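Right, one structure below, let's go through it.
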Amino acid sequence: MTAETYLVINAGSSTIKYALYDANTLALLEKKTLEMADKAGYDAAFNDLLKLVEDRNVKGVAHRVVHGGRDYAAPQKLDDKVLADLEALTPLAPLHQPHNLKPAKLVMDKFPNLPQVACFDTAFHRTQPRLNQLYALPKDLTDEGVLRYGFHGSSYEYIAAVLPAIAGDDIAKGRVIVAHLGSGASVCAMKDGKSVASSMGFTPLDGLMMGTRTGAIDPGVPLYLMEQKGLSAKSISDIFQKHSGLKGVSGGISNDMRVLLNSPAPEAKEAVDLFCLYAARQIAALTVDLGGLDALVFTAGIGENSGIIREKICGHLKHLGVTTDAKLNAANGPAIHDAAGSIAVYVIKTNEELMMARHIDAVIQRPPAPKPPQAPKI
Ligand code: AMP
């Protein structure tokens with residue numbers, strides 16, 4: 001009999017990522033990213049995953065689910081009622097939620113007694129004060145749930161978990177901004193390891209400029225595209241989600257930061273510079289929510305690997321006391337601040353999958369809590 005394992009699934013709109021962990025040690029056994037071209041590709045991949053559940057003695061499955069709405073403030077064990085609740089949130093994340101839930105349903109159909117847990121991108125942010133969750137919209141829309149939810153929660157949760165060992169308790173308990181800079185990008189302000197504010201809002205479109213997404217934009221722009229150019233909601237969504245960001249600003253050269261950094265084209269440089277400016281502005285904005293800043297942490301594909309991008313972003317934040325040491329920065333940290341700087345700066349590799357494996361492990365190991373922790377309704 002092979003050792004028991006946990007399966008972690010992140011089924012997205014163009015890829016399925018999965019990771020298999022040893023259920024005793026939480027050591028990573030296997031990690032794969034599958035590119036999905038069409039429905040047939042998804043069906044085949046899901047079949048393979050179901051087979052994996054049997055072949056690799058999987059004792060629990062964790063799923064990345066983008067939206068947990070207002071109610072789910074912690075990872076949640078899946079049953080029919082929870083799945084129905086999460087399906088009802090699809091209008092809030094139409095591009096992600098159905099993909100995220102599909103494998104959970106398939107596993108539940110085939111292995112009804114296998115424990116499964118949903119890990120929400122939004123859950124980590126439910127600790128934010130009410131004011132930080134509000135848009136300046138009519139109250140009935142707020143009451144209906146048009147709020148700032150925030151995303152990338154598993155990544156921030158992981159960073160919050162490892163920060164004390166890397167930066168010490170004082171900093172980890174202090175005012176920290178984490179910049180998750182990958183193909184999706186956001187920043188999160190934390191105090192005492194808990195989310196206070198974030199740049200992503202109602203959807204993962206808000207905030208920073210990203211690989212193909214706009215980030216924050218004047219709401220007048222979609223109105224212009226609709227009223228003056230006659231574009232449909234679908235076309236506008238495609239522009240904002242798939243054809244903007246690094247890819248759009250570079251005139252289509254690439255959504256990949258490495259390609260842009262290596263390109264001599266002025267459009268590529270402009271895209272890179274705008275990305276850094278957006279990131280720095282959002283970091284500076286979040287210092288308001290924290291009343292200052294003790295540490296800045298860079299993570300995800302760009303944040304972990306690109307000294308040039310970190311240097312450019314920190315260059316915009318010198319007036320706040322953010323300075324980096326060129327050698328430490330080039331070596332990718334973990335500490336990259338200059339001895340003279342007043343703010344600690346770190347590079348920390350994120351691990352969303354491991355965070356999710358820990359969640360399914362906790363669900364299986366621990367007796368069921370009387371009630372999952374719920375954020376107060378706002
Ligand atoms: P992620 O979504 O976290 O996997 O991050 C993907 C992004 O990280 C892409 O834009 C990559 O180009 C970028 N990336 C990965 N390695 C590097 C690197 N060495 N320098 C700059 N960007 C990088």
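Counting starts at 1 for both ligands and their atoms, following the listed order. All of these numbers come straight from a predicted model, not from anything done at the bench. Side chains are part of it too, since the values below use all heavy atoms of this structure and drop only hydrogens, waters and symmetry mates.
The pair Lys139-Asp143 counts as a salt bridge, with a side-chain nitrogen and a carboxylate oxygen less than 4.0 angstrom apart. A salt bridge links Asp206 and Arg148; the closest N-O separation between the charged side-chain nitrogens and carboxylate oxygens is under 4.0 Å. Between Glu30 and Arg56, at least one side-chain nitrogen of the basic residue sits less than 4.0 Å from a carboxylate oxygen of the acidic one, meeting the salt-bridge criterion.
Sorted by chain and number, the heavy-atom contacts of ligand 1 below 4.0 Å come from Gly182, Ser183, Asn255, Asp256, Met257, Arg258, Leu261, Ala300, Gly301, Ile302, Asn305, Ser306.
Lys229 meets the side chain to side chain donor-acceptor pair (under 3.5 Å) test with no other residue; sequence neighbours excluded.
Atom NZ of Lys59 has more than 12 neighbouring heavy atoms from other residues, nucleotides or ligands inside a 6.0 Å radius.
Classified by interplanar angle (parallel below 30°, tilted 30° to 60°, perpendicular above 60°), the ring pair Tyr156/His152 is perpendicular.
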